[in-house]
Amino acid sequence: MAVAATGDYDDSNIFARILRGEIPSKRVHEDDWAIAFHDINPQAPVHVLVIPRGRWRSWADFSAGGSDAEIAGFVRAVGTVARALGLEAPGYRLLANAGLDAHQEVPHLHVHLFGGKPLGPMLVR
Ligand code: 5GP
């Protein structure tokens, strides 16, 4: 079910539980600012989620309240994961859903990283 992009952070959301290690995930990267793991329902041959460690719901929320170090660390982690997965040369797509119109399902900021095949048009028309 889609969630609104606004409101208090919900510490029981599934990614908060993955961050706390309460739910297993297939991690491909972790550092001080972010973790990355395979999506449980992949939409492409490579479908990885990169999430900040901090309690942020959306990109707007994070960019307004996150520290410079936290934001830089997260953005760097996204690039590190793309490189580590060998996606620089063939290419890849980043996507961050926020709120109801984008059908965000998990209210913890995450960037989807898709790759491994030609990805087609950006949006369904
Ligand atoms: P959203 O629609 O919020 O942008 O995407 C949420 C993503 O989280 C979906 O692609 C969904 O498959 C993924 N997801 C939901 N629950 C889990 C889980 O427990 N583990 C993993 N690895 N991915 C999950």
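All residue numbers in this chain count up from 1 along the given sequence. Whatever order the structure lists them in is the order used to number ligands and atoms, beginning at 1.
Scanning the protein heavy atoms around atom 8 (O) of ligand 1, the nearest turns out to be Phe15 CZ, 3.3 Å. Annotation: atom 7 (C) of ligand 1 to nearest protein heavy atom, Asp39 OD2, 3.5 Å. Atom 22 (N) of ligand 1 has as its closest protein heavy atom His38 O, 2.9 Å. Nearest to atom 2 (O) of ligand 1 among the protein's heavy atoms is His103 O, 3.1 Å. The single protein non-hydrogen atom nearest to atom 19 (O) of ligand 1 is Ile14 CG1, 3.5 Å, given as residue, atom name and distance.
Distances below 4.0 Å separate heavy atoms of Asn41 from the following atoms of ligand 1: 12 (O). Atoms of ligand 1 lying under 4.0 Å from at least one heavy atom of Glu105, given by number and element, are 1 (P), 2 (O), 3 (O). Close contacts of ligand 1 with Asn97, meaning ligand atoms under 4.0 Å from a residue heavy atom, involve 1 (P), 2 (O), 4 (O). The contact set between ligand 1 and Ile18, taken as ligand atoms under 4.0 Å from a residue heavy atom, comprises 20 (N). Set against the non-hydrogen atoms of Val106, the atoms of ligand 1 under 4.0 Å away are 3 (O), 6 (C).
For the ligand labelled ligand 1, residue Arg17 lies outside the 4.0 Å heavy-atom shell. Residue contacts with ligand 1: Val3 is excluded, as none of its non-hydrogen atoms falls under 4.0 Å.
For Ile40, heavy-atom contacts with ligand 1 shorter than 4.0 Å involve the backbone as well as the side chain. Heavy atoms of Leu49 found under 4.0 angstrom from ligand 1 belong exclusively to the side chain.
Residue His112 places at least one N or O, backbone or side chain, under 3.5 Å from an N or O of ligand 1.
The ring of His110 has its center closer than 6.0 angstrom to the ring center of His112.
The aromatic rings of Phe114 and His47 sit tilted, their planes meeting at an angle between 30° and 60°.
Pro52 places a side-chain heavy atom less than 4.5 Å from the side chain of His108. Contact annotation: the side chain of His38 approaches that of Val28 to within less than 4.5 Å [non-hydrogen atoms, C-beta and beyond].
Selection from His110, Lys26, His108, Gln43 by nearest heavy atom to atom 4 (O) of ligand 1 gives His110.
Taking a 6.0 Å sphere around CZ of Arg93, one finds it holds more than 12 heavy atoms contributed by other residues, nucleotides or ligands.
Proximity of a side-chain donor or acceptor of Glu105 to a complementary backbone N or O of His103 within less than 3.5 Å is not detected.
The shortest heavy-atom contact between Asp11 and Arg55 is OD2-NH2, 2.8 Å. Of all heavy-atom pairs between His29 and Thr80, the closest is CE1-CG2, 3.8 Å.
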Only pairs under 3.5 Å count here: list side-chain donor-acceptor contacts from residues 60-73, not counting sequence neighbours, and write none if there are none.
residue, atom, partner, partner atom, Å
Asp61, OD2, Arg57, N, 2.7
Ser63, OG, Trp59, O, 2.9
Ser63, OG, Ala60, O, 3.1
Ser67, OG, Glu70, N, 3.1
Glu70, OE1, Ser67, N, 3.0
Glu70, OE2, Trp56, NE1, 3.0

Given side-chain contact (heavy atoms from CB on, under 4.5 Å), test Phe37 with Ile18 step by step and report yes or no. CA-CA 10 Å; Phe37 50 90; Ile18 284 175; 4.0 Å; yes

